[in-house]
Student: 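Take this structure first; my questions come after.
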Amino acid sequence: MTFKSIIDEIENNLYKILNDLNVDKIFFSVEPAKQGFGDVSSNISFLLAKKLKQSPQEISNTLSKKYNQFNHTLVSKVEPHPSGYLNFFANWEKLNQLILSESNLDEFGCVDLGKNSTIVVEHTSVNPNKALHIGHIRNIIVGDTVSRILKKSNYKVNVLNYVDDSGLQVADLLVGFKFLGFSQTPPKGKKFDHYCGDDVYVQTTKKYEQDSSLEDIRKKVLEELEDENSDTAQLADKITGKVLENQLETCWNLEVNYDCLNYESQIIRSGLWAKIFEKLKEMNLITFEKEGKNSGCWVIPGNGKEEDKVLVRSNGTATYIAKDIPYAAWKLGLLEDPFNYKKYPKIQKESQTLWQTTLGNSTETKQNFAGEKVVTVIDSRQARLQKIITTLMDNFKSIEGAYVHLGYESVTLSGDTAKKLGIDTDGKQAQMSGRKGLYVNADSVYELLKNKTITETKKRNPEMSLSEIEKIAHQISVGTLRYEMIKQDLDKIITFDLEKSLSLEGDTAPYIQYTHARASRIIEKSKQSPSLDIDFSLLIDQNELDLVREIGLFDIQVHDAGKNLSPKVISRYCHDLAVAFNSFYENVKVLEINDIALEKARLCLVYSFKITLERALNLLGITAPNKM
RNA sequence: GGGCCUAUAGCUCAGCAUGGAUAGAGUGUUGGACUUCUAAUCCAAUGGUCAAGGGAUCGAAGCCCUUUGGGCCCGCCA
């Protein structure tokens, strides 16, 4: 049991008291208290004030007296506060034991939101024509972190990456290679994805402005892409395959894995669209326009003042959104699966198998990556389209809310950083643009961070081997980048600045990782080994109790994060844990205190902190070194 | 014109879902703490008409309405 046990005990008893007083059920709060107001607080008296025609303070008085008549093992004192709040003080000897014991279990922090059901998380989904930039990284890290939190919340999670390998952006790349004479070999030392994005794509799109005849070529290339046997499609497969591999390397380096890759080209060739189209017609969800501006088109009628959305053009071809509908339905398992599955040839971290769809034969057994629920991570500029898909899916599937669009605001570049990249915005932040070449590559951010952290680590550990320094620097760099991407709410724009965003101090991953290193060193240096066979009543210092309490809040935070699909909840929790530990570290000595029993008790607490922080950081995809 | 998001300390952000106590962090500035379990740390000072106005409430940063500033979206492009 965790801190939640004392909350549950109080809640139960308060309900019993209400019953005694013959008061209707009300929903009061019982929450961890603010600093200086005991350990747990309830607002129950405010809510009763009107009903009982008494002041909150009087009610708190009554309730605190009554509370003592009920069974309570975890509460040592109830105190009515003059403000009206009812404050509870914990029996820390018991709570210490409960929380510290529980924290040693592997399943500590697990909650049961999913009831072992299956959920799909789709994220990344970048056109395979360029390297990943810092904006894509927000999507990837949000998606990966949410996946990890959902796993901890007892969902079986299938992580998908949709590869847009047949759109305009790919066609543009092919125009560059086939007609503008770009070599298929990048300059020495440059990754192929960087070369495609930085050079071929940017320069090709620039040429469109100068030479309008290229537009026809582009159109032709796009058409040829549809025929999988054409030379163009074969070349596209080769090039997008290489870019995709480079992109995946970037993701894997950031500790992000996937379960399956879905290719847009295959969705199109699979015939899923025709099936969904029939279904939409049968269910009367779309209409054929006989007049007006959309004459001759199949449209999804807009709600109220919303514009109708064209699904099938008057020439019979399907629009962009028409590719997303079958994919959404496929993810929810609403369609017969037309795909076979084969293994992606490269190995992911922890040797997790990465599958990919194929329309050809496969010797592998059929896989199933559909879920009862689906979370699609796409930035909120696509909110309108996603809303249409969500509504359609609600019509298809009986469980309401089965399809969720998890939106987030974009990453922009600070005025300074944009200027460094050659665009003067008058100090204002700037939207990134792949076409204009205005972006910061994820790989280069990682490299910058790594060089910085190598220098810092060397400074502090001059005797350390280079390989060890590299390993630590990697952990800190990945941590820093990942933490930056999720520490604020999804609806806040992240303004990325090459200087400021790479800080290693303050509310950053290294701050948190550092507390882990401190804890590790204490454990390493102690002659005792951490154990639960200790006298729990020895932990009485406020700094100790605050730390125990913070550890005990883990499952409550996971529940919050999982329920609201909110990664930042966990990043804040990690930060709070670290703050509590630093405060403990400054004020409470563990080693050389000439009291073995006390050292053992504190060591148990330090160990408990260390493994809880590791588990919480693991939800963020961050590992903490033992030394740094 | 319609829709979505946003406004809290000089700057970057928590808190808002579920209204209640003294509105919290980081950063910045100023000062202090390393012969100590690692100073990527800690402590102190500084800093707020919670965008503005109205409403409902015993009580609003939070709920409702209006206004304003900022961002994004609204193609038979993807």
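Below, chains carry the letters A, B, ... as their sequence lines are ordered, and counting in each starts from 1. These numbers come from a predicted model, not from an experiment.
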Student: Expressed in angstrom and rounded to an integer, what is the separation of I388(A) atom CD1 from G2(B) atom C1'?
Tutor: 14 Å
Student: If you take the centroid of each ring, where Trp contributes its six-membered ring, are Y483(A) and Y511(A) closer together than 6.0 Å?
Tutor: no
Student: Report yes if a side-chain nitrogen or oxygen of Y585(A) is closer than 4.0 Å to either non-bridging phosphate oxygen (OP1 or OP2) of A40(B); otherwise report no.
Tutor: no
Student: Run the side-chain donor-acceptor check on residues 589-599 of chain A: report pairs under 3.5 Å with partners two or more places apart or on a different chain.
Tutor:
from    : atom 1 : to      : atom 2 : distance (Å)
D595(A) : OD1    : A597(A) : N      : 3.3
D595(A) : OD1    : L598(A) : N      : 3.1
E599(A) : OE2    : S526(A) : OG     : 2.7

Student: So which of residues 477-493 of chain A are in contact with RNA chain B, with a heavy-atom cut-off of under 4.0 Å?
Tutor: Q488(A), D489(A), D491(A), K492(A), I493(A)
Student: Could you go through the side chain to side chain donor-acceptor pair (under 3.5 Å) check for S166(A) and E264(A) one step at a time?
Tutor: CA-CA 6 Å; S166(A) 60; E264(A) 182 175 77; 2.9 Å; yes
Student: Side chain of R572(A) only, please: which of C76(B), A14(B), A21(B) is the nearest?
Tutor: A14(B)
Student: Taking only Lys NZ, Arg NE, NH1 and NH2, and the carboxylate oxygens of Asp or Glu, determine whether K458(A) and E456(A) approach each other closer than 4.0 Å.
Tutor: no
Student: In plain terms, say whether E484(A) and K487(A) are close enough for a salt bridge, that is, a side-chain N and a carboxylate O under 4.0 Å apart.
Tutor: yes
Student: Relative to the 5' end of RNA chain B, which residue comes earlier, N587(A) or E264(A), by the nucleotide with the nearest heavy atom?
Tutor: N587(A)
Student: Classify the nucleic acid contact of N564(A) as base, sugar-phosphate or nothing, counting any heavy atom under 4.0 Å across all strands shown.
Tutor: base
Student: Rounded to the nearest angstrom, tell me the gap between atom CG in D308(A) and atom P in G3(B).
Tutor: 16 Å
Student: Check the distance between C77(B)'s C1' and R218(A)'s CZ and give it to me in whole angstrom.
Tutor: 8 Å
Student: Can you check the Q528(A) CD to C37(B) C1' distance for me, whole Å?
Tutor: 14 Å
Student: Show the numbers, then the answer: is there a side chain to side chain contact (heavy atoms under 4.5 Å, CB included) between I512(A) and L617(A)?
Tutor: CA-CA 9 Å; I512(A) 299 164; L617(A) 282 175; 3.9 Å; yes
Student: Which one, C76(B), C37(B), A78(B), comes nearest to the side chain of N294(A)?
Tutor: C76(B)
Student: Rounded to the nearest angstrom, tell me the gap between atom CG in D497(A) and atom P in G26(B).
Tutor: 21 Å
Student: Assess whether salt bridge (Lys or Arg N to Asp or Glu O under 4.0 Å) is satisfied between E524(A) and R521(A), documenting all intermediate values.
Tutor: CA-CA 5 Å; E524(A) 186 189 312; R521(A) 293 290 277 172; 3.1 Å; yes
Student: Please state the P separation for the pair U27(B) and A40(B) - nearest whole angstrom.
Tutor: 13 Å
Student: Sequence neighbours left out, what passes salt bridge (Lys or Arg N to Asp or Glu O under 4.0 Å) with K130(A)? Give chain and number order.
Tutor: none
Student: In dot-bracket notation, what is the pairing pattern of RNA chain B, taking Watson-Crick (N1-N3 plus N6-O4 or O6-N4) and G-U wobble (N1-O2 and O6-N3) contacts under 3.5 Å, with [ ] crossing and | for other strands?
Tutor: (((((((..((((......[...))))((((((.......))))))....(((((..]....))))))))))))....
Student: Find the distance F37(A):CZ to U22(B):P and express it as a whole number of Å.
Tutor: 7 Å
Student: May I have the step-by-step check of side chain to side chain donor-acceptor pair (under 3.5 Å) for T453(A) and S477(A), ending in yes or no?
Tutor: CA-CA 7 Å; T453(A) 46; S477(A) 305; 3.1 Å; yes
Student: Is the shortest side-chain N/O distance from R313(A) to OP1 or OP2 of C77(B) below 4.0 Å?
Tutor: yes
Student: Examine R218(A) relative to Y208(A) and say whether NZ or CZ is less than 6.0 Å from the centre of the six-membered ring and inside a 45° cone about the ring axis.
Tutor: yes
Student: Test D39(A) against R549(A) for salt bridge (Lys or Arg N to Asp or Glu O under 4.0 Å), laying out the working first.
Tutor: CA-CA 9 Å; D39(A) 299 307; R549(A) 184 176 105 129; 5.2 Å; no
Student: Between K568(A) and G15(B), is there a contact of a side-chain N or O with OP1 or OP2 at under 4.0 Å?
Tutor: yes
Student: Give me, pair by pair, the N or O atoms of the protein and of nucleotides 72-74 of chain B that are less than 3.5 Å apart, along with how far apart they are.
Tutor:
from   : atom 1 : to      : atom 2 : distance (Å)
C74(B) : O2'    : R384(A) : NH1    : 3.3

Student: Quick check on the 6.0 Å ring-centre criterion: do F37(A) and Y85(A) meet it?
Tutor: no
Student: Figure out the NZ/P separation between K450(A) and A40(B), and round it to whole Å.
Tutor: 21 Å
Student: Determine whether a donor-acceptor pair (one donor, one acceptor, N or O, separation below 3.5 Å) exists between the side chain of T508(A) and the base of A40(B).
Tutor: no
Student: From C37(B), A21(B), A40(B), pick the nucleotide closest to the side chain of L591(A)?
Tutor: C37(B)
Student: Please determine if a side-chain N or O atom of R460(A) lies less than 4.0 Å away from the OP1 or OP2 oxygen of U41(B).
Tutor: no
Student: Take the angle between the ring planes of F581(A) and F584(A) and call it parallel below 30°, perpendicular above 60°, tilted in between.
Tutor: tilted
Student: Of the options C76(B), A21(B), A40(B), whose atoms approach the side-chain atoms of T319(A) most closely?
Tutor: C76(B)
Student: Protein-nucleotides 32-36 of chain B N/O pairs closer than 3.5 Å?
Tutor:
none

Student: Could you give the CG-to-C1' distance, from L385(A) to C4(B), as a whole number of Å?
Tutor: 13 Å
Student: Starting the side chain at C-beta, find the nucleotide from C76(B), A21(B), C37(B) nearest to N87(A).
Tutor: A21(B)
Student: Hey, are E586(A) and R518(A) close enough for a salt bridge, meaning a charged N less than 4.0 Å from a carboxylate O?
Tutor: yes
Student: With a 4.0 Å cut-off on N to O distance, would you call R381(A) and D379(A) a salt bridge?
Tutor: yes
Student: For the side chain of R518(A), starting at C-beta, report the closest nucleotide among C76(B), U41(B), A21(B).
Tutor: U41(B)
Student: Taking atom C1' in both U30(B) and G47(B), what distance in whole Å separates the two?
Tutor: 12 Å
Student: I'd like the P distance from A61(B) over to U49(B), given in whole Å.
Tutor: 14 Å
Student: Considering only atom P, compute the distance from A56(B) to U41(B) and round it to an integer number of Å.
Tutor: 50 Å
Student: Any salt bridge between E215(A) and K219(A), counting N to O under 4.0 Å?
Tutor: no
Student: Going by side-chain contact (heavy atoms from CB on, under 4.5 Å), S42(A) matches just one of I7(A), L63(A), L14(A). Which one?
Tutor: L14(A)
Student: Between C16(B) and A7(B), how far apart are the C1' atoms? Round to whole Å, please.
Tutor: 13 Å
Student: For C43(B), does the glycosidic angle fall within 90° of 0 (syn) or outside that (anti)?
Tutor: anti
Student: Using the P atom as the point on both nucleotides, what is the distance between U46(B) and A23(B), in whole Å?
Tutor: 15 Å
Student: Taking the C1' atom of each, how far is A33(B) from A39(B), in whole Å?
Tutor: 9 Å
Student: Kindly point out which of U41(B), C76(B), A17(B) is positioned nearest to the side chain of Y511(A)?
Tutor: U41(B)
Student: With a 4.0 Å cutoff (strictly under), does any side-chain N or O of N315(A) reach OP1 or OP2 of C76(B)?
Tutor: no
Student: Which value, in whole Å, describes the distance between the P atoms of nucleotides A44(B) and A60(B)?
Tutor: 31 Å
